[in-house]
Student: 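Take this structure, written in C-alpha cells, and hold onto it; I'll ask about it next.
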Amino acid sequence: MNRIEKCFEELKAQNRKALITFITAGDPDMDTTEKTVLEMFDNGADIVELGVPFSDPIAEGVTIQKSSLRSLKNGTTLDKIFAAVDKIRSKTNKPLILMMYINTIFAYGTEKFFGVCKEKGIDGVIVPDMPYEERDEILPYAEKYGIININLVSPASKELIKTIAADSKGFLYCVSSNGVTGVRSEFSTNFDEFFGMIKVHASCPFCVGFGISSPEQAKRMSEYCDGVIVGSAVVRIMEEHGSAAPAEVGKFTKSLSAFKDTM
Amino acid sequence: MNKKGRFGEFGGQYVPETVMNAVAELEEAYNKYKDDADFQRELEELYRDYANRPSMLYYAEKMTKDLGGAKVYIKREDLNHTGSHKINNVLGQILLAKKMGKKRIIAETGAGQHGVATATVCALFGLECCVYMGEEDTKRQSLNVYRMELLGAKVVPVKSGTATLKDAINEAMRDWCTNIETTFYCIGSVMGPYPYPEMVRDFQKIIGKEIRRQLMEKEGKLPDCVVACVGGGSNAMGAFYDFVNEPTVKLVGAEAAGRGINTADTAATLSCGSVGIFHGMKSMFLQDEYGQIAPVYSISAGLDYPGIGPEHANLWKTGRAEYVPVTDEEAVCAFEYLSRIEGIIPAIESAHAVAAAIKLAAKMDKEQVLVINLSGRGDKDVYSIARYRGHNVENS
C-alpha cells in the first residue's frame with residue numbers, strides 16, 4: 001500500500017486528522033531542507049510536501065514565488081532534490097509528496113520521472129497547472145510506478161467537484177478559496193456548501209489548503225475535513241531564519257498540530 | 001489524453017483546476033456565438049466603422065524595383081485603429097465578454113499594442129480594464145503605458161521573473177485564478193489554453209481573407225508567399241490561416257533572433273527551443289534541460305516571448321510553414337529601409353517580417369507575389385531605435 005493511503009488509514013483508526021506541511025526544496029539549501037523535513041515530521045506533520053522550484057510558478061503567491069527563486073539561484077535541480085529525498089528516506093518512512101509544475105515532469109521524461117520517484121521513495125505528486133481534464137498526461141506512468149497523482153478542486157470547480165472528488169486517490173486537495181497560494185486573512189468561500197458537496201462524492205480523504213497560516217485557522221478548517229495543509233506560512237519562516245529555520249519550523253509545526261489532539 | 005483543442009500533438013488546456021470552469025464557459029460561449037449571425041454582424045460593423053477595416057493591400061513598387069524579384073505587397077494592419085492587428089482580436093473577445101455578462105477585463109501586454117487595443121475597446125464598451133505589463137517593458141514602451149492610462153485602464157507593472165511579457169502573462173493568470181467569477185481574460189495571442197489559440201486565430205483570420213480577395217482583384221491570383229513576424233503568433237496565424245490549404249502559397253514566419261541564435265540573447269523559439277508545457281499549452285519553448293523557462297531577449301518587446309502558439313508549432317512540425325530567425329540588427333535595418341523607401345515606419349515587430357521578406361523577394365521571380373503582413377506601426381519604437389543607433393533624442 002502507498003504510504004499516503006496507509007497514513008490516512010492509521011489516522012482514521014486513531015480518530016485523528018492529518019497535518020500536511022510544505023517547504024520549497026533547496027531554500028535556502030538542501031541541507032536545511034533535509035533537516036527541516038525531519039523537524040516537521042518529529043513535531044506532528046503526517047505528510048510533507050516538497051516544492052520543486054519552477055521559473056514561472058503561476059499558481060503561487062509572492063511568498064512561494066520568492067522561495068522558488070531563492071532555491072533556483074542556489075542551483076537546485078530535480079536530480080539534487082531526488083538525492084536529498086534519498087537521504088531523508090533513510091531516516092523516515094512517512095509520506096513525501098512533490099509539488100511541481102507539469103513542465104518539470106515533462107522535461108525530465110514522464111516515465112523516467114515516475115521511475116525515479118518510486119526508486120527514491122516519493123509517494124505522490126501535486127501538479128497545480130495540470131487540471132483533472134489533462135491527467136492522462138501523467139496518470140498512466142504514475143499508476144505504473146505506484147505514485148499517487150493528488151487531484152485538486154476549488155470552489156470555482158462547481159459541478160466538476162463531483163466528478164473529480166469521485167475519482168481521487170490518496171487525498172483530495174481542496175483549495176480553500178479561488179486564487180493563488182498565500183496567506184489570507186479571511187475566506188469568502190461558503191465552506192458548508194463546498195465541503196458538503198465534496199463529502200458526498202469523495203472517494204478518498206480530503207484536506208484543505210491555501211491561505212491557512214495559524215494554529216487557530218488550522219483548527220477551524222480541520223473541522224470541515226480530514227486534514228489541513230500549511231505552506232506559505234512555513235515558507236515565511238524559512239525566509240526569515242534561513243539555515244537556522246529547522247528549529248523554528250519545528251516549533252511552528254508543533255503549534256499547528258495542536259488540532260490533532262482535540263478530536 | 002484530452003484530445004480537445006489539439007493541433008497535432010500541440011495545444012491542450014494545462015491550467016489550474018480553478019480556471020477550468022471559466023475555460024469551459026468560454027468555450028461554450030464561443031461555440032455559440034462564432035456562427036451566430038447577429039454576433040458576426042455586430043463584429044463586422046465594429047471592424048468596419050470603428051477599426052477601419054478592411055485594411056489596405058498596398059503595392060510597394062519602389063521596394064519591388066529595388067529588390068528586383070517578386071512583386072511586394074504590404075498588408076497595412078498598421079493603419080487599423082490603435083495601430084496594429086491586435087484590435088481585430090480584442091473587438092471579438094470583448095464583444096464575447098459582454099455577451100457573457102463579464103464586467104472586468106484583464107490582459108497582458110508586451111510592447112503595449114495588445115494593452116492599448118484592450119484599453120481602447122474597454123473604454124468603448126464601458127468595462128473595467130486592468131493590463132499587466134512587465135516592468136522592463138513599461139520602461140521600453142512608456143508612451144503606451146500613458147496611452148492605456150489615458151484610455152481609463154489600470155496598468156500594473158510586473159516585477160517578478162524577467163519583468164517582460166511572460167511574467168505579465170503569469171501575473172494575469174494569477175489574477176484570473178483569484179477573480180474568476182467576474183473577470184474575463186483577454187489573451188492577446190494565439191496561445192494559452194484551448195479555446196484561446198483557435199478563438200484568437202478566428203478573430204484574426206480576416207487578415208488572410210482580405211489578402212486573398214484584395215490580391216485577386218489586383219493580380220488575379222493567390223500570393224506565392226506570405227510573410228509575418230511571430231512572437232506568440234497572432235498576426236501570422238491571421239495572415240496564414242486562409243492559405244493553409246493552398247499548397248502553392250509559401251508561409252514564412254519571422255522569429256526574433258535577438259543578438260543571434262547562437263547566443264543566449266534570443267527569442268527564436270522554433271530555431272532554438274524544444275517541446276514543453278507552459279502557459280496552458282503544449283508547444284515549443286525556450287527552456288533548459290530541467291524545463292525551466294529561459295530568460296529571452298529581443299529588441300522588440302512584442303516578440304520577447306519564450307514560446308509560440310500551438311498551431312504554429314504544428315505548422316512548423318508538419319513542414320507546412322517555415323520559420324526564419326531575424327536578428328535585432330537585421331530588423332533595425334529593415335525598419336530604416338521601409339521608412340526610407342516606402343515612407344512607412346513599421347513596428348519593430350513587423351520589421352522582422354520586412355527583413356525576412358527582403359531576403360526572400362530578391363530570390364523570387366518577377367511574376368511572383370510576396371505579401372508582407374505589416375502588423376503594426378512604428379511610432380512607439382522611434383525612440384528605442386534612435387537609442388540603438390546611438391542618437392541622442394529626448395524621450396519626451
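All chains are named by letter (A, B, ...) in the order of the sequence lines, taking the proteins before the strands, and each is independently numbered beginning at 1. The figures here come from the full heavy-atom set of this structure, side chains too, leaving out hydrogens, waters and symmetry mates.
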Student: Do B:P16 and A:I58 have side-chain heavy atoms sitting under 4.5 Å apart?
Tutor: yes
Student: Side chain of B:Q13, backbone of A:E133: donor and acceptor closer than 3.5 Å?
Tutor: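 Judged by distance alone, no pair lies under 3.5 Å.
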Student: Quick one: what part of B:F278 sits under 4.5 Å from any heavy atom of chain A, side chain, backbone, both or neither?
Tutor: side chain
Student: Applying a heavy-atom distance below 4.5 Å, give me the residues of residues 158-171 of chain A that approach chain B, sorted by number.
Tutor: A:K158, A:E159, A:L160, A:I164
Student: I need the minimum non-hydrogen distance between B:C177 and A:N178, along with the two atoms involved.
Tutor: O-CB, 3.3 Å
Student: For the residue pair A:P131 and B:M20, what are the closest heavy atoms and their distance?
Tutor: CB-CG, 3.4 Å
Student: Roughly how far, to the nearest 0.5 Å, is CG of A:D129 from NE2 of B:H279?
Tutor: 10.0 Å
Student: Could you measure the distance from the CZ atom of A:F106 to the CD atom of B:Q287? Nearest 0.5 Å is fine.
Tutor: 8.5 Å
Student: Within a radius of less than 6.0 Å around OH of A:Y141, do more than 12 heavy atoms belonging to other residues, nucleotides or ligands occur?
Tutor: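 No, the 6.0 Å shell around OH holds no more than 12 heavy atoms from other groups.
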Student: To the nearest 0.5 angstrom, please state how far the CE atom of A:M130 sits from the OH atom of B:Y14.
Tutor: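 Those atoms lie 9.0 Å apart.
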Student: Of the non-hydrogen atoms in A:D56 and B:I293, which two are nearest, and what is the gap between them?
Tutor: OD1-CB, 3.3 Å
Student: Of the backbone (N, CA, C, O) and the side chain (C-beta and beyond), which part of B:D167 lies under 4.5 Å from a heavy atom of chain A, both, or neither?
Tutor: side chain
Student: Take a 6.0 Å sphere around CD of A:E111 and say whether it holds more than 12 heavy atoms from other residues, nucleotides or ligands.
Tutor: yes
Student: Which bit of B:E289 comes within less than 4.5 Å of chain A, counting heavy atoms only: side chain, backbone, both or neither?
Tutor: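 For B:E289, the backbone is the part near chain A, not the side chain.
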Student: Between A:A156 and B:N21, which heavy-atom pair has the shortest distance, and what is it?
Tutor: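 Smallest heavy-atom distance, with atoms named: O-ND2, 2.9 Å.
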Student: Would the number of heavy atoms belonging to other residues, nucleotides or ligands and lying under 6.0 Å from NZ of B:K34 be above 12?
Tutor: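 Enclosed.
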Student: Considering only heavy atoms, which portion of B:I180 lies under 4.5 Å from any heavy atom of chain A: side chain, backbone, both, or neither?
Tutor: side chain
Student: Spell out, as yes or no, whether a donor-acceptor pair under 3.5 Å connects the side chain of B:Q292 to the backbone of A:T104.
Tutor: no
Student: Does any heavy atom of chain B fall under 4.5 Å from the side chain of A:P57, the backbone, both, or neither of them?
Tutor: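 For A:P57, heavy atoms of backbone and side chain both lie under 4.5 Å from chain B.
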Student: Kindly say whether B:G291 contributes a backbone atom to a donor-acceptor pair with the side chain of A:N103 at under 3.5 angstrom?
Tutor: yes
Student: Nearest heavy-atom pair of B:S160 and A:Q65: which atoms, and what distance?
Tutor: CB-OE1, 3.8 Å
Student: Side chain, backbone, both or neither: which part of B:V275 has a non-hydrogen atom closer than 4.5 Å to chain A?
Tutor: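 Both parts, heavy atoms under 4.5 Å.
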Student: Could you give the distance from CG (A:L72) to OH (B:Y290), rounded to the nearest 0.5 Å?
Tutor: 12.0 Å
Student: For atom NZ of A:K120, decide whether the heavy atoms of other residues, nucleotides or ligands shown that lie under 6.0 angstrom number more than 12.
Tutor: yes
Student: Go through the steps for B:K282 and A:E137 under the test salt bridge (charged side-chain N to carboxylate O under 4.0 Å, His left out), then give the verdict.
Tutor: CA-CA 11 Å; B:K282 184 178 278 185; A:E137 187 69 44; 3.0 Å; yes
Student: When you measure from the side chain of B:T18 to the backbone of A:S154, do you find a donor-acceptor pair of N or O atoms at a distance under 3.5 Å?
Tutor: no
